[in-house]
Structure formats: C-alpha cells, structure tokens
There are 2 protein chains.
Amino acid sequence: MQRRTQRPRIADVAREAGVSKTAVSFAFNSPERLSAETAVRIRGIATSLGYRPHPVARLLTQRQTMTLGVLTPQALAVIFSNPFFALFSEGVANAAEDLGYELHFISPLHGSLALAVGRATVDGVVAIGLSGDHPEIQQIRATGLPMVLVDSDDLPEHSSVVVDDEAGARAAAEHLLELGHRDILIVAVEGPALTTGERGRTGVTERRLRGYRTALRAAGVELGDDWVVAARASIDGGTAAFQDAWSRGLRPTAVLAMSDAIAIGAMRAARELGLSLPGDLSVVGFDDVDLAAHVDPPLTTVHQPIRQKGADAVRLLLIEVEQRAANQPEHLRLETRLIVRGSTGPAPHQRQEVPAA
Amino acid sequence: MQRRTQRPRIADVAREAGVSKTAVSFAFNSPERLSAETAVRIRGIATSLGYRPHPVARLLTQRQTMTLGVLTPQALAVIFSNPFFALFSEGVANAAEDLGYELHFISPLHGSLALAVGRATVDGVVAIGLSGDHPEIQQIRATGLPMVLVDSDDLPEHSSVVVDDEAGARAAAEHLLELGHRDILIVAVEGPALTTGERGRTGVTERRLRGYRTALRAAGVELGDDWVVAARASIDGGTAAFQDAWSRGLRPTAVLAMSDAIAIGAMRAARELGLSLPGDLSVVGFDDVDLAAHVDPPLTTVHQPIRQKGADAVRLLLIEVEQRAANQPEHLRLETRLIVRGSTGPAPHQRQEVPAA
DNA sequence: ACCTTCCACTAAACCGGTTTTCTAAACCGG
DNA sequence: CCGGTTTAGAAAACCGGTTTAGTGGAAGGT
C-alpha cells in the first residue's frame, strides 16, 4: 500500500542508473563533466522515468530566480482593465524578456501587499503607483528586495521613473483656457489620495491636480470645490462621474479628465445627454493610450511615454539586481506633451441651455 | 574580512535569541506552540535583525506555490499589446485573486516554451492559444503540470475552454451577405497556422476561417485565394493589410476581420483612401473588446465572453490543482454572438470607383 | 617502475527553511 | 508521593536539488 505515487526525485534517477545524485545533476547542468555516453544514458533514464529537476529546489541553490515582480497596490483585475497598465506591462515585458527574465505580478494578498511581497520569489520589483505614504511601505522596504518606483519618487533611496504630470496637466488646462473655456469640470482618478484629504500629496492624481489648478489660477479662473470629482479609472467610471456632475446641476463647457478612459466615458455620457462634441463640450484626456486616437471624436490628450516608463524601470532595476554593489539610485523624469485632436474646440459663446436628460 | 553581508538566516535569529531553529520557525508559523512571551521575543529579535523567512526555502517544504502560470506561446510584449489579452488576463486575475493565487506569466525563454515551463514555479498553468500541434507540446505536457487549454480543445486529457468561433464567424459573414456584399476581404490574424499551410487546422484562425467560408459557400459566393490575407493582430497590422490588398487592386465592399484591432486598422486605412464607412465599405470585427463600441463608426463585431474564458479556465484549473485526484477533464464551449453596430451597411449598388491613394 | 596528471565519478556539505519525533520539566489528581 | 498527561522547546530528519572536495584508476612522461 505504497502511497508513493509522487514525482520521481533525483535520487530515483540515480538509483535506476546506478550512479550518484551528483552524476544526474551533472547530466543536466554540466554534461561536459561526464563521459558523453554516461550523460546520454542518465538523461535517457530520466526522461523514461518522467523526471525533471524540481524548479523550487534548484532555485534554492542558484541564488536567483530570473523573475521580476510587478508590484501593484490594487487588485490585478482592476489593473488589467486599465489600458494604461497594459501599455506599461508591455514596456516592462519587453525589457524583461530581452534580458531573460520572467514576470510575476504581485498584488495585495489577503489585503496585505507586504505579505504578498514577502512571499514572492523574485529578484526585484517594479512598483507602479506605490507612494511613500502607503501604509505598508516600511514592511515592503524591510524585505530588502531591489525596488524601482514608477510614478512616484518620494523614496530617494530607490531608483524611480516618473513623468512630468504637472506640466502635462498645466498644458491641458491652458489649452482649454485658450479656447475660451471657463466652466471646467475636473474628473480625477478615484483613490486613497483624494479620499484621505490632505495626505497623499505625492501621487499622480495630486500632481496632475496641481497642474490643472496652477493654470486655472494663473488665468484667474475660480474652481469650485464641487467641480473636482472622482471617478473609477474606467470608461464606465467616467460616464458615471459626468452624469453625476450633470445631475447636480453643473454645466461645464469642458472636462479635464485624468485618464483617457475617464475622458471617453465622459464623452459618452455627454452624447447621451444630447451634447455635441466638441461644439457643446470639450474633453481632454490624459495618457494617450492607443484608443485615444480612434474614438469619435479623436481625443485631445496629454501624451506620456508609458511603454518607456516600463522599460526604463526594468533597466534601472536590473542595474541594482545584477551588480549587488551599493550603486546610486537613479531618478528619471520623462516628458509629457499635449496632443490636440478633435475633442476640444472653442467654448460656446453663451452658456448652453440643453434639455436635461 | 568577513564578506558575510548576507541576509540573516533562521540560524542567526535562533542563535541571537538563544533558542533552536525550530522555535524561530514556530514563532512565525505556529506561535501557539510557544509560550506567548517567547514567540514575541523571537519575532522582536527577528525584525531587529531584518530577518524574513526565505520565500524559496519555505516553498520547498510547503508543497505548493500558490501561484498560477499564464502560458503564452508568444512574447509577452506582443501579448500585452493585444486588448483581447488584457481582457483575458482580467478574467484570470479576478478568479485567481479570489482564491488567493498569484499570477506568473510564462512566455518562451531563449526561444523555448518548454524550457520556460520547466523552470516555472507554479502550481498549474492556463495555456492560451496553445494548440496540439505546437512543436514543444510533448515536452510541455511531460512536466506533468496541471494545465487548462483556452481557445484550443484538441488535447482531450486537458480541460479546456473555447468559444464557438465558427458559429460567430458564420454569423458575421451572413450579416454581410444579407446586406448584399459579395466582394469580401478576409483579414486573418497572422500566425503559424496560416503560414504552414494545411497544418494547424485546430487554431482559432482556422475555426473562424471555416465559419466565414461556410457562409460564403452557402450563399454561392466565390472567395479568391488572394482575398484572404494575414495581418499582425494590431491596429497597425490591420491598416497595413488593407492598404496592401488595395494596392494589389482588390476592391472589396466589405471586410471580415478576425480581431477588432485589425478591423479598426482596416477602417483607418479605408478612410485614408477616401472611402466612407459604412457607405463604401462595411467592416466586421471579432472579439468585441471595449474599444469596439467607441470607435467611429462603432464597430459591428462578434462578441465573445473573454473575461469569462479566463475565469472559467482558472476555475477548471483549480479543480485539478487542489484535489490531486484523477478527475475527469472538463470541456467548456462558450457562445459567441454578432453585435451589429454602425460599421456595416448595405453594399454599394455598383462597384465603387474611387481615386487611388 | 615510479610519479604526476587527468578523467570520470562519488561522498558529503550545503541552500534555508519546515516538520516529525523526542525529552525534560511542570502540572495534576488521588 | 507517584504515575500519567501537558507544555515548551530541542534534535534530527527532511524538502530536492547543487556544489565542493575528494578518490580510484588509467594514461602519460621519464
């Protein structure tokens, strides 16, 4: 009654072949240390037994996993529904693959990101959207894992890659102001940053908001508190946010959206309310995902080099991973630029008076 | 000159605390087996030393990694640029996360998918687009790793999730035929299936092609060999393919594209050639990604439940992973359905005569 | 014939934990 | 005060490989 229907171990192969474990290991990893015939014979027996080296066991001695982690403070399901993240992953994957690394996605496990990081068998992580005020940041850093921050640079000891969100946002707002808009609705990405009030001054949302505000203030435009709303980072989120603002009586002539998905959702909501684009309403997005150029009307948006962020982050990470020296962290800031397409136009001369939905 | 600047091991903590390795292990994993004060003291010393259990070492004894692999025959960079895959990942991630599993993406390593699978430390894999005639399929199966196939069901021993591609394609073609189209260009997804001629009868491309052909044949429409072209599965790929067909003198009144991205690319190319949509050219896509409803004109396409495919695949995989019994493989076939939007319309009455670009 | 070198392979240590088995002391009822 | 049960922790085996440090015999040089 042997319940040993397990997978064969190296010792089983060794016994069957009448050699030592060492010889079997050599047959797989350094066949030149064995006579050709022995190596072939051992490998033959191994395959006939269905043996393959246990990947975890070999990881234990080879001190690296050849795997990179992508750390996300949100659930993966949220992340993958975000086209921004798909582009970012593309950049990461491209760089990682070139260098022979695989990718492991790390998201909060049982609610704890630190726990997930602690369990992860990776050589280093690229953390996207992890800011210095994350509640578990200390524990995460305590793992000692090489880490590169993306879209956050408030942990100077870690290399980072950010884009100039503030300048991009400012350009977006200035564009609308030049077109004569004064009643501008800002739709932010919902997240801890907004809901915790003054904390989280370091996130993407805050930087973009600061850019918008700077431009508006410089133009002498008053921005009412309820003209800044939050939305889930999805098309539906944008639709809901615009509908909500509209139903609260707000009648913007332009929308500054913090992501393209939100912008597209807002456009949809506006259409459903009978508004014409960009005649009645101008919309500016952020990110310039592939989608942006293909919607109707093509979306005016702030371009940021998303793929490159991913690729650069991997590059910086590998500097740290591969040379275990105490190298200086590097901080990259990439440019953004406004891409004017068809979703923005001159402000209507008078406040529009369209029928409510 | 001690070059021991390594991370602390469990033995270091044990020595420092004056206890055995066992006690340290207990302090972390089953503190109830220690007196409360001892457990607290040990954990305190551990943190002060910066100790955390080595994740690989603990994987070796806990016989599972709580990680699922997503196996893709193509490079990850290709994969992530495909909106279809983002949706699929979303479904996979959602299901995996609910069950406490993390995700590891496995793509060919140094050109070999089997090598990558062999090295991967996962409890099972979801293989997307891996057909039975993949050159390394035997080696991949030899790993003995639980595996669920998506978009392929020609390995009966493995559970699988497919959609009714053929019926969907047929519906798409019939829709165009009913609108009076007879000159229909088919743009397939490029891949091994097409380039190897008759081999690979099992892939998505072949099933869809069969659906198109069945409908056309039933309507007595002749389909010239050069009216089936291949394109990279991207917007640009679709643009290039349509331009190429046009420059070869083809003048279709409709396009059957095997992915939404290709369809959108073809629409762009058509626009650039001065065609109006759907007046001069009707286009039908496949997949119904989020994007499809938001382009101009909204894309008529074949909907398939992509997220659900991912979620179902994980569900089937976990049945196999968690109960190591010899359970029966399960084969799911999900439905597709045609979504008619604005990109299709009646065929122009006479062959159009538009100026070449 | 003797010493050295090389070859092909083995034994044992090691990677860093977990788990099983065992033991000494404390506890407990009668 | 005695035998039996807990309790708290230690010792050793184990997970499944890789790597280091040998080792015996054959070949080569003189």
Side-chain angles (χ1 to χ4, degrees), chain A residues 3-43 45-46 49-66 118-123 143-145, chain B residues 3-43 45-46 49-66 118-123 143-145:
Chain A
R3 66 182 184 202
R4 283 276 148 199
T5 324
Q6 312 287 357
R7 59 183 289 173
R9 303 186 303 281
I10 195 171
D12 300 322
V13 179
R15 187 176 341 99
E16 195 73 14
V19 297
S20 68
K21 291 194 310 174
T22 311
V24 179
S25 180
F26 283 165
F28 281 92
N29 304 310
S30 31
E32 73 281 2
R33 296 194 53 175
L34 255 36
S35 75
E37 52 199 326
T38 309
V40 168
R41 185 170 60 86
I42 292 177
R43 278 203 295 265
I45 291 178
L49 253 48
Y51 168 81
R52 68 169 178 137
H54 193 298
V56 174
R58 75 186 325 180
L59 279 189
L60 194 54
T61 46
Q62 303 167 183
R63 310 303 294 270
Q64 51 179 351
T65 63
M66 295 307 283
R119 290 212 190 309
T121 56
V122 298
D123 294 336
T143 61
L145 223 46
Chain B
R3 66 178 183 208
R4 284 275 149 201
T5 324
Q6 312 287 357
R7 58 184 289 171
R9 304 186 302 280
I10 196 171
D12 299 322
V13 180
R15 185 175 345 96
E16 196 73 15
V19 296
S20 67
K21 291 194 311 173
T22 313
V24 179
S25 180
F26 283 165
F28 280 92
N29 304 309
S30 31
E32 73 281 1
R33 293 195 53 175
L34 253 37
S35 75
E37 53 198 324
T38 310
V40 168
R41 186 171 58 87
I42 292 177
R43 279 203 294 266
I45 291 178
L49 254 49
Y51 168 80
R52 68 168 180 139
H54 194 297
V56 174
R58 73 186 326 182
L59 278 189
L60 194 53
T61 47
Q62 304 167 183
R63 311 303 293 271
Q64 51 178 351
T65 63
M66 294 307 285
R119 289 211 192 307
T121 56
V122 297
D123 295 335
T143 61
L145 222 47

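Chain letters run A, B, ... following the sequence lines, proteins first and then strands; every chain starts at 1. Keep in mind that what you see is a predicted model, and the values were worked out from it rather than measured.
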Engineer: Could you check how far CZ of A:Arg15 sits from C1' of D:dG16, rounded to whole Å?
Structural biologist: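 Going from A:Arg15 (CZ) to D:dG16 (C1'), I get 14 Å.
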
Engineer: Once you round it to whole Å, what is the distance between C1' of D:dT18 and CZ of A:Arg58?
Structural biologist: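 Interatomic distance, CZ of A:Arg58 to C1' of D:dT18: 9 Å.
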
Engineer: Give the rounded distance in Å between these two atoms: CD1 of A:Ile10 and P of D:dC15.
Structural biologist: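 One finds 14 Å between P of D:dC15 and CD1 of A:Ile10, rounded.
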
Engineer: Can you measure A:Arg52 atom CZ to D:dG16 atom P for me and round it to whole angstrom units?
Structural biologist: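 Checked: the CZ to P distance equals 12 Å.
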
Engineer: Quick check against the 3.5 Å criterion: does B:Asn29 have a side-chain atom that pairs as donor or acceptor with the backbone of B:Ser25?
Structural biologist: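 Answer holds: yes.
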
Engineer: Hey, does the side chain of B:Ser20 reach the backbone of B:Ala23 with a donor-acceptor pair shorter than 3.5 angstrom?
Structural biologist: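 Confirmed, B:Ser20 side chain pairs with B:Ala23 backbone.
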
Engineer: Determine whether a donor-acceptor pair (N or O, by modelled atom type, separation under 3.5 Å) exists between the side chain of A:Arg43 and the backbone of A:Ala27.
Structural biologist: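 Yes, because the side chain of A:Arg43 sits within donor-acceptor range (under 3.5 Å) of the backbone of A:Ala27.
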
Engineer: How long is the straight-line distance from CG of B:Asp12 back to OH of B:Tyr51, given to the nearest 0.5 Å?
Structural biologist: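 B:Tyr51 atom OH to B:Asp12 atom CG measures 9.5 Å (nearest 0.5 Å).
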
Engineer: Take atom CG of A:Asn29 and atom P of D:dT20, then tell me their distance rounded to the nearest Å.
Structural biologist: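 A:Asn29 atom CG is separated from D:dT20 atom P by 13 Å.
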
Engineer: If pairs are Watson-Crick or G-U with both distances under 3.5 Å, what is the dot-bracket string of DNA chain C, marking crossing pairs with [ ] and pairs to another strand with |?
Structural biologist: ||||||||||||||||||||||||||||||

Engineer: Please confirm whether the shortest side-chain N or O distance from B:Tyr51 to OP1 or OP2 of C:dG17 is below 4.0 Å.
Structural biologist: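 So the side-chain polar atoms of B:Tyr51 do come within 4.0 Å of the phosphate oxygens OP1 or OP2 of C:dG17, strictly under.
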
Engineer: Please report the interatomic distance CG(B:Leu34) to CZ(B:Arg41), rounded to the nearest 0.5 Å.
Structural biologist: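 If I round to the nearest 0.5 Å, the distance is 9.0 Å.
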
Engineer: What is the distance, to the nearest angstrom, from the CZ atom on A:Arg63 to the C1' atom on D:dG17?
Structural biologist: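 The answer, rounded to whole Å, is 14 Å.
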
Engineer: Produce a footprint string for nucleotides 6-11 of chain D: one letter per nucleotide, 5' end first; B if the base is under 4.0 Å from any protein heavy atom, S if only the sugar-phosphate is, - if neither.
Structural biologist: ---BBB

Engineer: Using atom CZ of A:Arg9 as one end and atom C1' of D:dC15 as the other, report the distance to the nearest whole Å.
Structural biologist: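 Rounding to the nearest Å, CZ of A:Arg9 and C1' of D:dC15 are 9 Å apart.
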
Engineer: I want to check something: taking the side chain as every heavy atom from C-beta on, are A:Phe28 and A:Pro53 in contact at a cut-off of under 4.5 Å?
Structural biologist: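 Heavy-atom side-chain distance check passes, below 4.5 Å.
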
Engineer: Can a donor-acceptor pair be found, under 3.5 Å and without considering hydrogens, that links the side chain of A:Asp123 to the backbone of A:Gln64?
Structural biologist: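 No, A:Asp123 side chain to A:Gln64 backbone: no donor-acceptor pair under 3.5 Å.
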
Engineer: For B:Leu59 and C:dG16, give me the distance from atom CG to atom C1', rounded to whole Å.
Structural biologist: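 Going from B:Leu59 (CG) to C:dG16 (C1'), I get 12 Å.
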
Engineer: Any chance the side chains of A:Thr38 and A:Ser35 put a donor and an acceptor closer than 3.5 Å?
Structural biologist: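 Result is yes, a qualifying pair exists.
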
Engineer: Has B:Glu37 got more than 12 heavy atoms of other residues, nucleotides or ligands less than 6.0 Å from its CD?
Structural biologist: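 No, the 6.0 Å shell around CD holds no more than 12 heavy atoms from other groups.
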
